[in-house]
K.L.:
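Got a structure for you, questions after.
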Amino acid sequence: PEFRSRAWSLLLYFLRNALAVQRSRADVFLRAQSRKRVKGMIDVDKKLARILFIELVGTFGLVLFSSGLVCVNQLTTPAQSAATAALTQHQLGVFGIALGQGLILAALLALTAPVTGGYLNPAITLMQWVFGKVETPRAAGLMAVQFLGGLLAALCLYFTFDAGLLRSAHFGAPHIGRLAYPEPTQA
């Protein structure tokens, strides 16, 4: 009986020590995992900030250059002809504006798509969110910086071009038909 009790006590001693070692290993593992989790959150925040900055710059460039093309077309159009006249004068014309805007969009998508997904437009981001392709915090951030990028581009256009030119070019919004966008009458 004493041998049995001594054997049991040794067995219990080894089990306790083994469990203590396992507990300490588990504690070390859990602490390391929690540190990784916190570090991962910081990494995600850095990645999200980078994505938002790239999206801001991309949207800024898209709005600035696309609207700037329309303003340059209006600037180079003689006063007596319509801004949508044929390419007989030294102006961009509707074809030049469309080609320029398409090339700008293609270039900006090629630059931003590998990093951000290349949304560059709040409507696209909204639809991606509606269909569950983008999570809510990211979609909200993307739309916020896209609106901010467009606003900053509009501010740059405001300080780049004359106010009369911006009015006649509809602030860079492309307009094809004069019937759809009649000139304002002065009263």
K.L.:
Rounded at 0.5 Å granularity, tell me how far CD1 in I97 sits from OG in S66.
P.N.:
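Spacing of CD1 (I97) from OG (S66) equals 10.0 Å.
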K.L.:
Once side chain to side chain contact (heavy atoms under 4.5 Å, CB included) is applied, do any residues pair with L166, and if so which ones, sequence neighbours excluded?
P.N.:
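Testing L166 for side chain to side chain contact (heavy atoms under 4.5 Å, CB included), a comparison that skips the adjacent residues, returns C71, Y158, F161, F171.
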K.L.:
Hydrophobic clusters here meaning ILVMFWY residues chained together by side-chain heavy-atom distances under 4.5 Å, can you tell me if V134 and L52 are in one?
P.N.:
yes
K.L.:
I need the T59 OG1 to L151 CG distance, nearest 0.5 Å.
P.N.:
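Going from OG1 on T59 over to CG on L151, the span is 12.0 Å.
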K.L.:
Considering all heavy atoms of both residues, which atom of N73 and which atom of T76 are nearest to each other, and what is their separation?
P.N.:
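Taking every non-hydrogen atom into account, O-OG1, 3.2 Å.
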K.L.:
Strictly distance-based, threshold 3.5 Å: is any side-chain N or O of Q128 a donor or acceptor partner for the main-chain N or O of K133?
P.N.:
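Checked: no pair found.
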K.L.:
Same cluster or not: are V63 and F159 linked, directly or through other Ile, Leu, Val, Met, Phe, Trp or Tyr residues, by side-chain heavy atoms under 4.5 angstrom apart?
P.N.:
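No: no chain of side-chain contacts under 4.5 Å links V63 to F159.
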K.L.:
Taking atom CZ of F60 and atom CG of L155, what is their separation to the nearest 0.5 Å?
P.N.:
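So the gap between those two atoms works out to 9.0 Å.
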K.L.:
Atom CD1 of I51 and atom OH of Y119: how far apart are they, to the nearest 0.5 Å?
P.N.:
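Going from the CD1 atom of I51 to the OH atom of Y119 covers 9.0 Å.
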K.L.:
Give a yes or no on whether V130 and M143 share a hydrophobic cluster (residues Ile, Leu, Val, Met, Phe, Trp, Tyr; joining criterion: side-chain heavy atoms under 4.5 Å apart).
P.N.:
yes
K.L.:
Heavy-atom distance under 4.5 Å between the side chains of R50 and T116, does that happen here?
P.N.:
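With C-beta onward as the side chain, the pair stays apart.
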K.L.:
Do L105 and V70 belong to the same hydrophobic cluster, where Ile, Leu, Val, Met, Phe, Trp and Tyr are linked whenever their side-chain heavy atoms lie under 4.5 Å apart, directly or via other members?
P.N.:
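Linked within one cluster.
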K.L.:
Return each pair, listed once, that meets side-chain hydrogen bond (donor to acceptor under 3.5 Å, both in side chains) where at least one residue sits in residues 136-146; pairs must be two or more places apart or across chains.
P.N.:
E55-Q146, T125-Q146, W129-T136
K.L.:
How long is the straight-line distance from CG of L152 back to CG of L64, given to the nearest 0.5 Å?
P.N.:
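The distance works out to 10.5 Å.
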K.L.:
List the residues meeting side chain to side chain contact (heavy atoms under 4.5 Å, CB included) with L111, not counting sequence neighbours, and say none if there are none.
P.N.:
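Partners of L111 by the side chain to side chain contact (heavy atoms under 4.5 Å, CB included) criterion come out as none, since no residue qualifies.
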K.L.:
For the residue pair S67 and L157, what are the closest heavy atoms and their distance?
P.N.:
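Of all heavy-atom pairs spanning S67 and L157, the closest is CB-CD1, 3.3 Å.
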K.L.:
Go through the structure and list residues passing side chain to side chain contact (heavy atoms under 4.5 Å, CB included) with L108, not counting sequence neighbours.
P.N.:
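With neighbours one apart ignored, the set is L62, I104, L120.
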K.L.:
Hydrophobic cluster membership, with links at side-chain heavy-atom distances under 4.5 Å among I/L/V/M/F/W/Y: are L148 and L142 in one?
P.N.:
yes
K.L.:
Considering residues at least two apart in sequence or located in another chain, which fulfil the side chain to side chain contact (heavy atoms under 4.5 Å, CB included) criterion with L99?
P.N.:
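Partners of L99 under the side chain to side chain contact (heavy atoms under 4.5 Å, CB included) test: F95, L103.
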K.L.:
For I54 and T112, which heavy atoms make the closest approach, and how far apart are they?
P.N.:
CG2-CG2, 3.8 Å
